[in-house]
Enquirer: 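Handing you a structure now.
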Amino acid sequence: MRVLILGGTTEASELARLAGPDARLDPTLSLAGRTAQPTLPSISYRIGGFGGSEGLARWLAAERIEAIVDATHPFAARISENAVTAAHASRIPLASIVRPEWTAEAGDRWTMVDSADAAARALGTKAARVFLTIGRRDLAAFKAAPMHSYLVRSVDPPAAEDLPPKTDLILQRGPFDEAAEEQLMRNRGIEMLVAKNSGGDATYAKIAAARALGLPVVMIARPPKVAGAEFADAAAAHAWLVSLLRSHNTASSERGV
Ligand code: NAP
């Protein structure tokens, strides 16, 4: 069964590892092409946009795709909307891996906001040292709060014009370790953390480190995102693909394939 995995996440890579050796499945991983040196899978892959939901529908037909797993990041809302639209138009079953959100626990000092602009406002006006761990796309919002000094961490270098005036940069890819995150925040004199509520283990260490240090966190809530049948992890999505095989095999034998 030919499967499209929409990726760019740990879960997508994990599903590629599970589906790759499964002789019943013929998966292709799709990456948007945002990072300069993406972690490439051992299965077939493609890189770059499809051209909206219509482009995706054309690609699905050309590649004779029979099932889609949307394993994109919780903050990647547009591709998920395109996937639902294209899957519906093409009558292809779609499942989504929806990573559980992080929730505040005892000792957490979170301020919830719904955008990077709101996060910049939530930092207040008193100059502070802020650790910005939101990737590189929304950094320009913090130019509106130039009184703070920032430590920005991202996988690839941000555009210089997006950076607030007092910014130090760390180029690094997760996963991160809690002791190292705590050490980094201590060494840099960090007073506040800004994070997206991405969920998952790979980047949770900074949240635990902020709790241990008693630091406030400005947490950007997830955007609304459409989904197909929802699964929490790659193993469950793999099981869903296997469950489709029975109807897939019946349909193939009825077509005489
Ligand atoms: P987005 O806003 O939902 O998508 C914007 C456009 O990028 C889509 O319309 C599509 O272009 C293309 N695209 C996105 N994901 C794609 C994929 N897996 N394969 C092919 N094309 C894709 O997405 P985004 O927030 O820019 O995120 C881009 C990618 O980075 C996603 O794959 C996501 O999983 C990953 N990622 C995002 C974040 C985040 O915080 N947003 C964090 C970690 C990883 P066309 O319309 O031309 O098809």
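For ligands, and for the atoms within them, numbers begin at 1 and follow the listed sequence.
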Enquirer: Side chain, backbone, both or neither: which part of Ala12 has a heavy atom under 4.0 Å from ligand 1?
Expert: neither

Enquirer: Going by heavy atoms, is Gly33 under 4.0 Å from ligand 1?
Expert: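 Checking ligand 1 against Gly33, which is what was asked, there is no heavy-atom contact under 4.0 Å.
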
Enquirer: Should the heavy atoms of other residues, nucleotides or ligands under 6.0 Å from CZ of Arg46 be counted, would the total exceed 12?
Expert: yes

Enquirer: Give a yes/no verdict on a cation-pi contact between Arg153 and Phe176, requiring under 6.0 Å between NZ or CZ and the six-membered ring centre and an angle within 45° of the axis.
Expert: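 Yes, a cation-pi geometry.
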
Enquirer: Heavy-atom contacts under 4.0 Å between Arg46 and ligand 1: side chain, backbone, both, or neither?
Expert: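 Side chain only.
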
Enquirer: Using a cut-off of 6.0 Å, state whether more than 12 heavy atoms not belonging to Glu54 lie near its atom CD.
Expert: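 No.
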
Enquirer: Near Phe75 CZ, under 6.0 Å, is it more than 12 heavy atoms from other residues, nucleotides or ligands?
Expert: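 Yes.
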
Enquirer: Looking at Gln37, I'd like to know if its CD atom is crowded, meaning that more than 12 non-hydrogen atoms belonging to other residues, nucleotides or ligands lie closer than 6.0 Å.
Expert: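 Check fails, neighbour count at 12 or below.
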
Enquirer: More than 12 foreign heavy atoms under 6.0 Å from CG of Asp201: is that the case here?
Expert: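 No.
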
Enquirer: Nearest to atom 32 (O) of ligand 1, what protein heavy atom do you find, and at what distance?
Expert: Gly7 O, 2.7 Å

Enquirer: Under a 4.0 Å threshold between the charged nitrogen and the carboxylate oxygen, would Arg78 count as salt-bridged to Glu81?
Expert: no

Enquirer: If I apply the N/O under 3.5 Å rule, does Gly51 come out as touching ligand 1?
Expert: yes

Enquirer: Picking from Val152, Ile134, Asp162, what satisfies side chain to side chain contact (heavy atoms under 4.5 Å, CB included) with Phe142?
Expert: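 Testing each of Val152, Ile134, Asp162 against Phe142, the sole residue satisfying side chain to side chain contact (heavy atoms under 4.5 Å, CB included) is Ile134.
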
Enquirer: Ignoring angles and geometry beyond distance, decide whether Lys196 reaches within less than 3.5 Å of ligand 1 through its nitrogen or oxygen atoms.
Expert: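 Yes, at least one N or O pair falls under 3.5 Å.
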
Enquirer: Could a heavy atom of Gly135 be found less than 4.0 Å from some atom of ligand 1?
Expert: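 Flag not set, Gly135 not near ligand 1.
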
Enquirer: Is it the side chain, the backbone, both or neither of Leu31 that has a heavy atom closer than 4.0 Å to ligand 1?
Expert: backbone

Enquirer: My understanding is that we take every heavy atom of each candidate and find the minimum distance to atom 15 (N) of ligand 1. Doing that for Gly52, Gly49, Ala32, Gly174, which one comes out nearest?
Expert: Ala32

Enquirer: Look only at interatomic distance and state if Thr9 has a nitrogen or oxygen under 3.5 Å from any nitrogen or oxygen of ligand 1.
Expert: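 N/O-N/O distance below 3.5 Å does not exist for this pair.
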
Enquirer: How far is atom 18 (N) of ligand 1 from its nearest protein heavy atom, and which residue and atom is that?
Expert: Ser30 O, 3.1 Å

Enquirer: Counting only heavy atoms, tell me which of Arg222, His73, Arg136 gets closest to atom 38 (C) of ligand 1.
Expert: His73

Enquirer: Take a 6.0 Å sphere around CD of Glu178 and say whether it holds more than 12 heavy atoms from other residues, nucleotides or ligands.
Expert: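 Counting neighbours around CD of Glu178, more than 12 heavy atoms of other residues, nucleotides or ligands fall under 6.0 Å, so yes.
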
Enquirer: Decide whether an N or O pair under 3.5 Å exists between Ile79 and ligand 1.
Expert: yes

Enquirer: Is the backbone of Glu161 close enough, under 3.5 Å, to the side chain of Lys143 for a donor and an acceptor to pair up by distance?
Expert: yes

Enquirer: Please classify the Arg34 to ligand 1 contact at 4.0 Å (heavy-atom distances, strictly less than): side chain, backbone, both or neither.
Expert: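 Near ligand 1, Arg34 shows its side chain, while the N, CA, C and O stay back.
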
Enquirer: How close does the nearest protein non-hydrogen atom get to atom 9 (O) of ligand 1, and which residue and atom is it?
Expert: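 Of every protein heavy atom, Asn82 ND2, 3.4 Å lies nearest to atom 9 (O) of ligand 1.
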
Enquirer: My understanding is that we take every heavy atom of each candidate and find the minimum distance to atom 25 (O) of ligand 1. Doing that for Arg78, Lys225, Arg137, which one comes out nearest?
Expert: Arg137

